[in-house]
Every structure is written in C-alpha cells, then in structure tokens.
2 protein chains.
Amino acid sequence: MGERFGRRVPEPTVVRLPVYQRVLHEFARKSVSTVSSAELADACGINAAKVRKDLSHFGTYGTRGTGYEVDYLLGQIQRELGLDLERGVVMAGMGHLGHALARSEGFVAGGFRIAGLFDVEPGTIGEIVAGIRVSHVTELASVCRQEHVSIGIITTPAAAAQDVCERMAGAGVSAILNFAPTVLSVPPSIQVRHVDFSGELQVLAFYQAHPEAAAGRSEAVARLGS
Amino acid sequence: MGERFGRRVPEPTVVRLPVYQRVLHEFARKSVSTVSSAELADACGINAAKVRKDLSHFGTYGTRGTGYEVDYLLGQIQRELGLDLERGVVMAGMGHLGHALARSEGFVAGGFRIAGLFDVEPGTIGEIVAGIRVSHVTELASVCRQEHVSIGIITTPAAAAQDVCERMAGAGVSAILNFAPTVLSVPPSIQVRHVDFSGELQVLAFYQAHPEAAAGRSEAVARLGS
DNA sequence: GCATGTGAAGCAGTTCACAGCG
DNA sequence: CGCTGTGAACTGCTTCACATGC
C-alpha cells in the first residue's frame, strides 16, 4: 500500500522525481501505455528496486504482473511535484547566466512563473528579459510580498550573493537556488540548494586524475535501442 | 596519518573538495594563517567531524592543539584537485546557456581551458565566444584528439544531447558534464554528471509543498559575522 | 506466470567520542 | 589544555528476495 503520505521522503528519492516525470512524459508522448519498474529504471539509468521503493513512498500503485499505467503514474508524480499549481519565482543577478536561465524552458516545464528579475547595474535595469522588466534589487522585497513568491534564484557574482540572500530571506522567500560560487548563511527555516558549475567540473577532473579513488560510479549504462 | 592515497574516496567527500578549496582561498586572501576544523566547517556550512574525516582521506595533517595551516592545506587540496595542471574541455551547444557558461569565470578558477566550442546552427558557427571560434559539431572529434581533451560539456537541447554524447565518447572524452534535461546512455567507462536546473527547482518546490516530508535539512546555518 | 510492494539484509556516509600529541 | 585523527556506533539509502495478487 505504501504510506499514502505523511511520512518522511528520502532526499535521493525527491531528486529522482523530476527524472521520473520527464521520462514518463516521454513514454506518454510515444503512446506507451504501460511500463514495468525495470523499463522505467532502464530509462532513468537506475535499477528497478529503487524505482519501486521510490514510488512506494507515495502509495502509487502499479498492477502486479503488468506494471504501471504511464498516464496515471505521470499524473500522480506531477501532483506530488505540484506541477498543477503555478509557482512564482524571483531571480537576482541578470548577467549572462541569469539571462540564459530566465529564457530557459525549464521554468515552464516545471510549472514556474518568473515574478521578478533583479540586478543592480543601471545598464541592465529596465531591460526586458523573457518578457519581464529587470528591476533594481531594492524592489525585490515588495515584489515577493505582492506576488507571494517563496522561491528565489541567485545568479549574482559570489560577492553579492549573501546580500541578495538576506534580502530574499527578509522578503519571505523560504527556498533558494544558489548558482553563485559561495556558501550562503541562512536561518534553518530556509532551504538552500547549490548548483556549482565549476565544482562539478572539478569533481569530474578529480576522478579522472584518481581513477583508483572511483567506486562503482556509473549506473546510467544500458538503454540505447529505445 | 590518513591513507596517503590509493584507497577509495567517498563521492560526497570529493564533492566537498571544491568548497574547501574556495573557502580556504578566501581565508588566505584575508591573511588568516591557521584554521581549526570547526572554523573551516562553519565556513563551509557543515560540521567539524566531517571536515576532519574528509581531510584524513588524503593524509593531509593539521597540527594537534592548533589546527590547519591555511596555505599548506590549500596547496594540498589544489594538488588533489589537479588545479596545477591545465585541462582542456570541449562544449557542445552554444545557445544562451552555452554562451553564459563559456564566459563564466568558473573555467579559469577551476584550471580549465576551453579547447573547442561547437554547435550545428549556421548562424552560430563562426561566432567568437570567450575568444574561441564556434565550430560545427562534426569537428568535435578532431579537436578532442588533437588537443587531448578528455572532458566534455553538453549544453544542447535535450533532443541533441545523446548524439553529442556519442560523438564525445567516440572522440575519447571520458567525463561529461550534462546540462541537457535528459538521461544519457553511456558505456560504463565514461563518467557523467548531470546538472538539472529545472529539477533543482522542483525539488525545492516539493519540500515546500510537503514540509512533513523534509528531514533535518539545512546545515548551512551559523556563520554570519565573518 | 509475472511484476509489484516490502520486510530484512547489506552497505555507505555521518557522527560520536576519545586516545594521542603538540 | 586544545584540537586532530580515527575506530566504533549510528543512521539512512540501496539492494535483495520473496510473499502477494493480478
């Protein structure tokens, strides 16, 4: 039966949900009506036991002997991820990276709407990016409150990140996605995820330089003749 | 004594190395000569035991009763990360994100050099980005071989990612950083890391929608009066 | 017969707590 | 006396293996 909610969900499981969502969407597009945990696992580059355990946290059930109905499972996962309701996000730091992310399809795909874009450069303020006018960062708080924004994205240089972070925290933002290469200090009530481009490259380089340090990396094998 | 090499290094430890590197660099810039594991942990948003355990994997030793000498430890970590030698990377997909990343400081900071930029759009090929001329992706293999490139970055749309991935694999690339929102199929000899912008946002949104599902998230507290 | 759902076992990383040493 | 380095305990995710049920 699963746990039909309430209990704790392991973070690795949560991180895999968007992958399942994407892969199931792809199956649906190809008019596949049913998938087994093995097929789904294969398409996600993981193993079948993990898929079943993950799904069991949400009480989502397949049919024994058959597998999962693609449309139904996709709907369940999208509901879990809150893809049905639109979420506003603010982004501070409209350099090259901010521009690129603001224009990315990721926002729409994930059910997000840009509620505000901010910077401090007079040359950037007033510019229209992705249909939104860039405002001065001092206006961040009022926009967040007016539009009930609870998610912030930081794409500023490292030196400005902590300041922006505190503005967001003060404006009621409770989740921050940080692309600046710096560690943020936040109260425990605020959730931070850090994306570190340069760090990821360094990790790859480390394992190349120290192959003996690598474990059973690579799970994303198999699957090719899709 | 540590293990002075040879043994396995846990992936979470490797992921933290770039953070230590950055934070130590900052301490050095402020002319701090010594740090304790507690201070270092604080600045990294983790706990002291983790720092000591991490460093012990490399046999890097501090001084009991005192702590770690910043310059020495920084040097050790940079050596581990291979920051002394320059590494060439190729990037395929010169849309907004590719442009932004190619211009980022992360390459220099991480000891990386762009050996080639690639796309398929006639309008993009020939453009100069970050001082490099964008070439057609069919030239990727020859550039990789000529310049002994072993790291590739994929910033194409999802639909093109697998093709590019196979070109890279065929050209001798053994580590790939994938920004495309898709699961790549690769032989086990190739290491892939996936950065998923939209997925990260969805994870944040999930925990906001399901606070009861959150565990003891947040470790990056404390530290403010730096 | 076949694939799910799940307790139980296994394994990995984190945290504890303290011996060891400057 | 303080802080490192580390075995041991702990916690938590993964994997196994099988009972369950279509």
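Given the structure is predicted, the values throughout are model-derived calculations rather than measurements. Naming: A, B, ... by sequence-line order, numbering from 1 per chain.
Between B:N47 and the phosphate of C:dT14, there is no side-chain N or O to OP1/OP2 separation shorter than 4.0 Å. Note on A:K50: every side-chain N or O is 4.0 Å or more away from OP1 and OP2 of D:dC13.
Heavy-atom nearest nucleotides on DNA chain D were determined for B:G67 and for A:A49, and the one closer to the 5' end corresponds to B:G67. When the nearest nucleotides of DNA chain D are assigned to A:T13 and B:A38 by heavy-atom distance, the more 5′-ward of the two goes with B:A38.
Note: A:I151 CD1 to A:M168 CE = 11.0 Å, rounded to the nearest 0.5 Å. In this structure, CD on B:Q21 lies 5.5 Å from CD on A:Q202, to the nearest 0.5 angstrom. Of the inter-residue distances, the one linking A:L204 atom CG with B:F112 atom CZ reads 7.5 Å to the nearest 0.5 angstrom.
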What pairs of nitrogen or oxygen atoms, one from the protein and one from nucleotides 18-22 of chain C, lie under 3.5 Å apart?
residue : atom : partner : partner atom : Å
C:dG20  : N3   : B:R64   : NH1          : 3.1

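Contact record, A:F27 with A:E39: CZ-O, 4.3 Å, taken as the closest heavy-atom pair.
Between A:R167 and A:D163, at least one side-chain nitrogen of the basic residue sits less than 4.0 Å from a carboxylate oxygen of the acidic one, meeting the salt-bridge criterion.
Listed candidates were C:dT15, D:dT4, C:dT4. Nearest to the side chain of A:Y68 is C:dT4. Looking at the side chain of B:Y61, the nearest of the listed nucleotides D:dG5, D:dC13, C:dT14 is D:dG5. Side chain of B:S36, nearest nucleotide from C:dG13, D:dT4, D:dC13: D:dT4.
Residues meeting the salt bridge (charged side-chain N to carboxylate O under 4.0 Å, His left out) test with B:E105, sequence neighbours left out: none.
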